[in-house]
Amino acid sequence: MKGIDVSKHNGAVDWARAAGSIDFAIIRAGYGKTYVDPWFERHLAGAQVAGLRVGVYHYSYALNAQDARTEARHLLDIINGRRFDMPLWFDMEDADGYKKKHGFSFTRSNISAITQAFIDVIRAAGYKCGVYASKSWFEDYIHVDADAVWLAQWADKPTYGGKFDIWQNSDKGTVPGVTGKVDTNILYTEFWNEQEDEETMKTYTHTDQMPDWAQNTFRRLIDAEIVKVDDKGEIAVQECSVQPMVYLDRLCGGQIEKLPDAIKVLQTAIM
C-alpha cells in the first residue's frame with residue numbers, strides 16, 4: 001500500500017485528488033513538549049473524509065527520558081482520545097541538529113532509553129506505539145520494545161536487515177493534490193486487521209505464541225505467580241488467556257503484578 005506523511009511544511013493538500021494515488025497518510029501532530037502542528041486538524045480531517053487510512057506522528061526534541069515522557073503526554077493531549085488506523089509514531093532523529101547543538105549523548109543506551117520512555121507512556125494510555133528512524137539509527141542506536149517500525153531509507157530498495165512495517169522510500173516524491181515534493185511510503189502491515197484480530201482476545205497456550213510486545217508483561221506475570229509455565233514453555237493457567245492479562249496490565253499502568261493484592265483490598269472493603 002502506498003502513502004505519504006505530511007506536516008505544515010506541505011501546506012494545503014487536495015486530499016480528494018491525493019486519494020486517487022495513495023492509500024494512507026501519516027500526519028504530524030506536533031513536536032517537542034508544547035508545539036501543535038497548525039495543519040494537523042485540517043490534514044487529519046481531509047485525509048479521513050477522503051477515505052484514507054490515517055496515522056499520526058510526533059517529532060521529538062527529547063534530550064532525556066523525562067523529556068520523552070512529557071512529549072508523549074503532549075501527543076496524547078493533542079489526539080484527545082481519538083483512535084487511528086495504526087500505532088502512534090515516535091520520530092526519533094536529529095534532522096535539524098538540535099540534539100547535537102545541546103550536547104546530546106548519541107549512544108545506544110541513551111537513545112534507546114529515551115525512545116522506550118515515550119513508548120511506555122503511550123502504551124499506558126492504551127495505544128500502540130511505533131518508532132520512525134533512519135536505517136543507521138535503527139542499526140546503531142535504537143534497541144527497544146516497540147509495536148512497529150517505520151524505516152526511513154531513501155533508496156530504490158530497503159537494505160535494513162531488521163523487521164519493519166513501513167518503508168519511507170523518498171523525501172522527493174510527487175503525488176497529485178500535494179504541492180511540491182512529499183515523503184512517500186510503502187506499508188507492509190495492515191494494522192487495522194491486527195486490531196480486529198486483537199478484539200477476539202486470542203488465547204496463548206505456549207510462550208512461542210507470545211508477540212514481542214507482550215514479553216515484558218508476560219515475564220512479570222510469571223514473577224508474580226499470576227501465570228506459570230512448565231519446562232517446555234506450556235502456559236499452565238486454567239482457562240488460560242494471557243492476552244487479556246496483557247491488556248489489563250496496560251490498564252493498570254504496567255503494575256499488573258500488584259493486581260491480586262488490590263483485589264484483596266477491594267474484597268475486604270466490600271465485605
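Because only heavy atoms are used, hydrogens play no part in the values below, and waters and symmetry mates are left out as well, while side chains stay in.
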Just grab all the salt bridge (Lys or Arg N to Asp or Glu O under 4.0 Å) pairs involving residues 58-74, residues at least two apart or on different chains.
K33-D67
Run the ring pair (Phe, Tyr, Trp, His ring centres under 6.0 Å) test on F106 and F104 for me, step by step, so that the C-alpha distance in whole Å, both residues' side-chain angles and the decisive distance to 0.1 Å come before the verdict.
CA-CA 6 Å; F106 288 89; F104 186 78; 4.9 Å; yes
Hydrophobic cluster identity match, V49 and F24, side-chain contacts under 4.5 Å
no
What are the two closest non-hydrogen atoms of C129 and I122, and how far apart are they?
CB-CG2, 3.8 Å
If you measure from the Lys or Arg side-chain nitrogens to the Asp or Glu carboxylate oxygens, is any gap between R83 and D85 under 4.0 Å?
no
Any side-chain hydrogen bond (donor to acceptor under 3.5 Å, both in side chains) involving residues 172-181? Give me the pairs, sequence neighbours left out, ordered by first then second residue.
none
All N/O donor-acceptor pairs, side-chain side in residues 148-158, below 3.5 Å, sequence neighbours left out:
residue, atom, partner, partner atom, Å
W150, NE1, N185, OD1, 2.9
Q153, OE1, T159, N, 2.9
Q153, NE2, T159, OG1, 2.6
W154, NE1, Q168, OE1, 3.0

Do the side chains of I22 and M1 get nearer than 4.5 Å, heavy atoms only?
no
Salt bridge (Lys or Arg N to Asp or Glu O under 4.0 Å): pairs with one or both residues in residues 13-32, sequence neighbours excluded:
R28-D37
Between F164 and Y188, is the ring centroid distance below 6.0 Å?
yes
In this structure, would I186 and I27 fall into the same cluster of hydrophobic residues linked by side-chain contacts under 4.5 Å?
yes
Stepwise, does the side-chain contact (heavy atoms from CB on, under 4.5 Å) test hold for I119 with V131?
CA-CA 9 Å; I119 292 170; V131 179; 3.8 Å; yes
Applying ring-ring contact (aromatic ring centres under 6.0 Å, His included) to F138 and not counting sequence neighbours gives Y160
So that I can tick it off, tell me whether D147 and R123 are bridged by a salt bridge, with the cut-off set at under 4.0 angstrom between side-chain N and carboxylate O.
yes
Using every non-hydrogen atom in the two residues, find where P87 and G130 come nearest and quote the distance to one decimal.
CB-N, 3.8 Å
Contacts satisfying ring-ring contact (aromatic ring centres under 6.0 Å, His included) that involve residues 29-50 (not counting sequence neighbours) are W15-H43, Y31-Y35, Y31-Y61, W39-H43
